[in-house]
Amino acid sequence: MKNIAILCSGGDVSGMNAALKRFVEYSLAKGLKPFFVHNGYEGLIDDTITEAGYKDVAGIIVNGGTRIRSSRSKRFMEEKYRRQAIENLNKHDIGYLVVLGGDGSFKGMQKLGEESSGIRFCGIPATIDNDIAGTEYCLGVDTALNVIKFAIDSIRDTASSFSRAFVIEAMGRECGYLALVSALTSGAEMCLIPEIPYDLDAYKKRFQKQIKEGREYFIAVVSEALNNSQEVAKWFEEEIGMESRVMVLGHMQRGGNPTVYDRLMAFHFVTQAIDGMLEGKQNTVICYSQGGFEHKEIEEVAFKKYQMNAELLKLGMEFGRQQ
Ligand code: F6P
């Protein structure tokens, strides 16, 4: 079968459009007919599947979000809707499907693999949370980190003009990766994430000493997973005696002009996905580590808990220990 399709599922990320461009161009170069599935798994069920060509991807590389839209499909959890999705794939003679998304999306993909025959599936990790087991990088993370960097650098301007503590909440669902890397690279004084135990009394001693030595403001980055930004702001007011503000960065972290790194990674991920499926790989996810790209079984990726890089955790531990 020569028809190949792509869909985006779950939270969108910057870099998905670069992936769509590469998908269309590389599929055509390989003699495949590319199709877009609009609205994620919802579109597979509703048959919003259209043939794609060069004109559909012209100029989109600079845009965040995804040109073919995404969804978090509840219906897809039900077998009868997955059956409908498989019928639609068969109707369009689609033999290969690329899924951009997170582990929930890959679990859905695994079900499709089990319940269909003759269709090859390949997942590309795409989530700003960087919380997928087996891969060190997920598409969109670099852009999200740069958006956060810009926000914190801007907040620092106003924080340093007053005597205030800013509590900045970063996304990441259950994972503290975005918060930790952002705290380290923006020079924050405090970082609270679920992966590292913290001691507010130790922070208090340190901050009081720093205030005596002349420190006039604080930047704290906390992970949304802890759901305690307001409490931390109150702690700054009551325990440290400093006026505080909370800044929930929210969905702006998912948007923005994709960085060079994300555009390039989108190209690599899609190339690996298409090459792998053409070579006969079935139901895998492309994972990236310092050694390069590797196809892994879905079970190794979607059903294992993500572990944060040990070196990074070591750096993060220093937040609680500094003098
Ligand atoms: O998974 C990406 C993510 O942006 C998380 O960081 C966040 O917790 C969640 O999605 C927000 O989901 P929604 O866009 O459905 O509000």
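For ligands, and for the atoms within them, numbers begin at 1 and follow the listed sequence. Values reported hereafter were calculated over all heavy atoms of this structure, with side chains retained and with hydrogens, waters and symmetry mates removed. No experiment lies behind these values; they were computed from the predicted model shown.
Of all atoms in ligand 1, listed by their number and element, those nearer than 4.0 Å to a heavy atom of R173 are 1 (O), 6 (O), 8 (O), 9 (C), 10 (O). Under a 4.0 Å criterion applied to the non-hydrogen atoms of E224, ligand 1 contributes the atoms 5 (C), 6 (O), 7 (C), 8 (O).
Ring centroid separation for the pair Y217 and F162 does not come in under the 6.0 Å cut-off.
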Item to complete: Using the salt bridge (charged side-chain N to carboxylate O under 4.0 Å, His left out) rule, take E115 and R83 through it: C-alpha gap first, then chi angles, then the decisive distance, then the call.
Response: CA-CA 8 Å; E115 293 163 9; R83 226 177 301 126; over 6 Å; no
Item to complete: Quick one: do R67 and D12 satisfy salt bridge (charged side-chain N to carboxylate O under 4.0 Å, His left out)? Show the steps, please.
Response: CA-CA 10 Å; R67 171 95 166 45; D12 53 287; over 6 Å; no
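The protein atom (non-hydrogen) at minimum distance from atom 15 (O) of ligand 1 is R72 NE, 3.1 Å. In this structure, atom 6 (O) of ligand 1 lies nearest to the protein heavy atom D129 OD1, 2.7 Å.
Ion pairing between a basic and an acidic side chain is recognised when a charged N comes within 4.0 Å of a carboxylate O; E42 and R75 show such pairing.
If you look at R254 next to ligand 1, the close heavy atoms, those under 4.0 Å, all belong to the side chain.
Heavy atoms of H251 approach ligand 1 to within less than 4.0 angstrom.
Y288 pairs with exactly one of Y137, F293, Y261 by the ring-ring contact (aromatic ring centres under 6.0 Å, His included) rule, that one being F293.
In terms of polar-atom proximity, defined here as any N/O pair under 3.5 Å, G172 does make such a contact with ligand 1.
Counting only distance, with no hydrogens or angles, the side chain of D142 and the backbone of D262 share no donor-acceptor pair below 3.5 Å.
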